[in-house]
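These notes are about the structure you will find just below.
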Protein chains: 2
Amino acid sequence: MDVREQLLEAAVKVFAIAGFRGATTRRIAQEAGVNEVTLFRQFGSKEGLILEAVLRSVERLQDEAVLPTVPANPAAELLDWTTRHFEFVLRNNRLIKAAMADAQSHPDMACIGDRIGTSIEHTLRAYLERLRDAGLCAPDVDIAVASSVLSGVVFADAMGRDVHPQCYPYSAAEAPQRYVTFFLRAIGVRAVAAPDSAPAPEAAVHHG
Amino acid sequence: MDVREQLLEAAVKVFAIAGFRGATTRRIAQEAGVNEVTLFRQFGSKEGLILEAVLRSVERLQDEAVLPTVPANPAAELLDWTTRHFEFVLRNNRLIKAAMADAQSHPDMACIGDRIGTSIEHTLRAYLERLRDAGLCAPDVDIAVASSVLSGVVFADAMGRDVHPQCYPYSAAEAPQRYVTFFLRAIGVRAVAAPDSAPAPEAAVHHG
DNA sequence: CAGGAATGCAAGCAACCACTTGCTTTCCCT
DNA sequence: AGGGAAAGCAAGTGGTTGCTTGCATTCCTG
C-alpha cells in the first residue's frame, strides 16, 4: 500500500481518537508504520495531512443513505434510509465528535457537519415533501420539523448511546425500526397498503 | 469576587472554546485576571481545576428543566420542559461539544453526558410513563422511543443549528413549540386541555 | 548497471506546555 | 500597628510538539 494512503488512514484514525491537538505527528507516523519525516515530506504540515484525511473520509461516504425520487413504499424506504444513516453516524461516532469540537478553532473541519446537513436536506426532507404531495401522509404535517425529528433522534442515539446507555433500553440493531414505526405514525402514514404501482422492496413491515 | 470563582468561570469558558488540551493554564489565568501561580495553589493541577469547573457547571443546571409528578396539562408541561432543555443545550453548546470530544481520553469528563442522560431518564421518560398510565396519551406508545425522539430532536437541533442552519428554517425561539406540537400528535395527545386548568401554553414558559 | 527519487534514521531546534521555587506585596483580623 | 495568610511576580525546569537538517539506504527506471 502507498505511503500516502497509510498516512491518510492513520491520520483519521488518530484524529478521531485524540482530536486535532492530540493527534501528534509522531503518533500518526507510528500508527501508519512510517517515518515521521516522510509525513512532512508528503503533506508539508500536520494541518495539511489531517485536513486532507478528514475531507477525503467525508467525501467517500456521502451517499450511503439514499431515498427514491418517487415514493412507493414509505415504510420500507424510510426504514432503509434510517438504518443506513444510523449505522453511518454510529460507525463514525468518534470522528464526528472530534470534528465537531475542533470545527470552532479549525473552521475547515466543519465540512463534515455541513455534509451531513445538506445530505439530510437533499434526501430526507425532499423525500418527505414528495410523500406529502403524493398524499401518502397527513397533508398538514410540518415537513421541516418532521425531517428534523427523524434525523435528530438518529443522530442523538448514535452520538449518545455509548455515553448514557440507560436512555436506550433497546439494542442498536432494532433502534431504526422503532424510530421509523414511531415516525410513520406521527406523520400519519398507514401501515403499508399494497399499491397497484410498485411491490414492496422488503417485507419488513407487517400488514395492517 | 473570589479568586476561585473567577478561575472556575474562566476555566469553563476557555475549556468550552479550546478543549482540554487547548485550555492552557496561562490562558485560563489570563481570562480570570489572576496570576497563573495562584491557579496551581488553589487547584493543584490543570486537571483538578477543569474537572471541578465542568462538574459544577453541569450540576448547576440539572434542575433547570423539570416536569410535574402528576401530569395535568401535557401540552403546556411538555412545552415548558422542552423549552428549558433546549435553551440549556443551546446555551452550553460548545461546552457539551468539548466535553463529548474529551470524554474519550478523559473519562471523568463523561459525567456531563451521563448527567444529561439520567436527567432525561428521570424526568421526561418517567413523566411520559405517568402520562400513559393516566390515559392521557395513546396506550400503545413506546415510551422509551418517544422519550428518545423528543430529547433527540432537541439535542440535535441545539448542537447542529449553528453548523447546518439550512436544516432549520424556523427560528430557535419557535423550535420547541413546533417539536412539542409534532410530538403530542405522535403520541396521541388531544390538542385540548381543560380551559380552566391552564391558559395558553406559552404563558408557562416565560415569567418564571 | 547507473542514477535519481523516495524513504529511513538520528539528531536537533525553537516554541510551548504544566508546574515549581523564592521572594515581595497586599490585605485582613485582632 | 502588627502578624500571618493569600496573591503577585520573575525566573526556571523538564517534557512535548511541530518541523528541519544531513546523511545513509532502498528501489525503480532507463
Side-chain angles (χ1 to χ4, degrees), chain A residues 1-57 94-95 98-99 101-109, chain B residues 1-57 94-95 98-99 101-109:
Chain A
M1 184 166 40
D2 196 355
V3 179
R4 278 186 77 92
E5 196 65 25
Q6 293 172 254
L7 280 169
L8 287 168
E9 280 190 17
V12 273
K13 186 173 176 180
V14 175
F15 171 75
I17 294 175
F20 189 86
R21 292 183 109 102
T24 70
T25 53
R26 294 194 220 282
R27 193 169 167 189
I28 294 175
Q30 183 187 358
E31 178 76 32
V34 160
N35 194 281
E36 189 186 359
V37 188
T38 306
L39 185 157
F40 288 99
R41 281 200 269 247
Q42 286 284 345
F43 297 93
S45 70
K46 166 183 168 177
E47 182 177 1
L49 167 61
I50 293 188
L51 219 65
E52 181 171 336
V54 171
L55 280 178
R56 204 194 54 154
S57 178
R94 300 199 289 205
L95 175 62
D102 281 323
Q104 305 176 38
S105 58
H106 230 124
D108 298 318
M109 213 72 77
Chain B
M1 182 165 41
D2 196 354
V3 178
R4 277 186 79 92
E5 196 66 23
Q6 294 172 254
L7 280 169
L8 287 168
E9 281 191 16
V12 273
K13 186 173 177 181
V14 175
F15 171 75
I17 295 175
F20 189 86
R21 290 182 114 101
T24 69
T25 54
R26 295 192 223 284
R27 193 169 166 189
I28 295 174
Q30 183 188 358
E31 178 76 29
V34 160
N35 194 281
E36 188 185 0
V37 187
T38 305
L39 186 156
F40 289 99
R41 281 200 270 248
Q42 286 283 345
F43 296 93
S45 69
K46 166 184 168 175
E47 182 176 1
L49 167 61
I50 291 188
L51 219 66
E52 182 172 335
V54 171
L55 279 178
R56 205 194 54 153
S57 180
R94 300 200 288 206
L95 174 62
D102 281 322
Q104 304 176 37
S105 59
H106 227 127
D108 297 318
M109 213 70 77

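Atom set for the values below is all heavy atoms of this structure, side chains included, hydrogens, waters and symmetry mates excluded. Labels below follow one simple rule: chain letters A, B, ... track the order of the sequence lines, proteins then strands, and each chain is numbered from 1.
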What does nucleotides 9-16 of chain D look like as a protein-contact string, B for base, S for sugar-phosphate only, - for none, at under 4.0 angstrom between heavy atoms? BB------

Return the value, rounded to whole Å, for the distance between atom CD1 of B/I28 and atom P of C/dC19. 10 Å

Begin from the C-alpha positions of A/N35 and A/T38 and carry the test side-chain contact (heavy atoms from CB on, under 4.5 Å) through to its verdict. CA-CA 5 Å; A/N35 194 281; A/T38 306; 3.9 Å; yes

Can you tell if the side chain of A/V34 reaches within under 4.5 Å of the side chain of A/L39, non-hydrogen atoms only? no

Counting only heavy atoms not in A/K13 (residues, nucleotides, ligands), do more than 12 fall under 6.0 Å from its NZ? no

Length of the CD-C1' vector between B/E47 and C/dC17, whole Å: 15 Å

Checking B/F20 now: which residues fulfil ring-ring contact (aromatic ring centres under 6.0 Å, His included) with it, not counting sequence neighbours? B/H106

Calculate the interatomic distance between A/L49 atom CG and D/dT17 atom C1'; express it in whole Å. 15 Å

With heavy atoms under 4.0 Å as the rule, sort B/Q42 into base, sugar-phosphate or nothing. sugar-phosphate

Is B/T38 near enough to D/dA7 that one of its side-chain N or O atoms lies under 4.0 angstrom from OP1 or OP2? no

With heavy-atom distances below 4.5 Å as the criterion, would you say the side chains of B/I50 and B/I28 are in contact? yes

Sidechain N-carboxylate O distance under 4.0 Å for B/R56, B/E5: yes

Round to a whole Å and report the spacing from CD1 of B/I50 to C1' of C/dC17. 13 Å

Starting from the 5' end of DNA chain D, give me the residue, A/G22 or A/G44, whose nearest nucleotide shows up first. A/G22

Could you tell me the separation between the CD atom of A/E36 and the P atom of D/dC19, rounded to a whole number of Å? 9 Å

Taking atom C1' of D/dG18 as reference, at what distance in whole Å does atom CZ of A/F40 sit? 5 Å

Rounded distance (Å) that lies between atom P of C/dA15 and atom NZ of A/K46: 18 Å

Using 4.0 Å as the upper bound for N to carboxylate O, is an ion pair formed by A/E52 and A/R4? yes

What is the distance from NE2 of A/H106 to P of D/dG18, rounded to the nearest Å? 12 Å

With sugar-phosphate meaning primed atoms plus P, OP1 and OP2, does A/A29 contact a base, only sugar-phosphate, or nothing at under 4.0 Å between heavy atoms? nothing

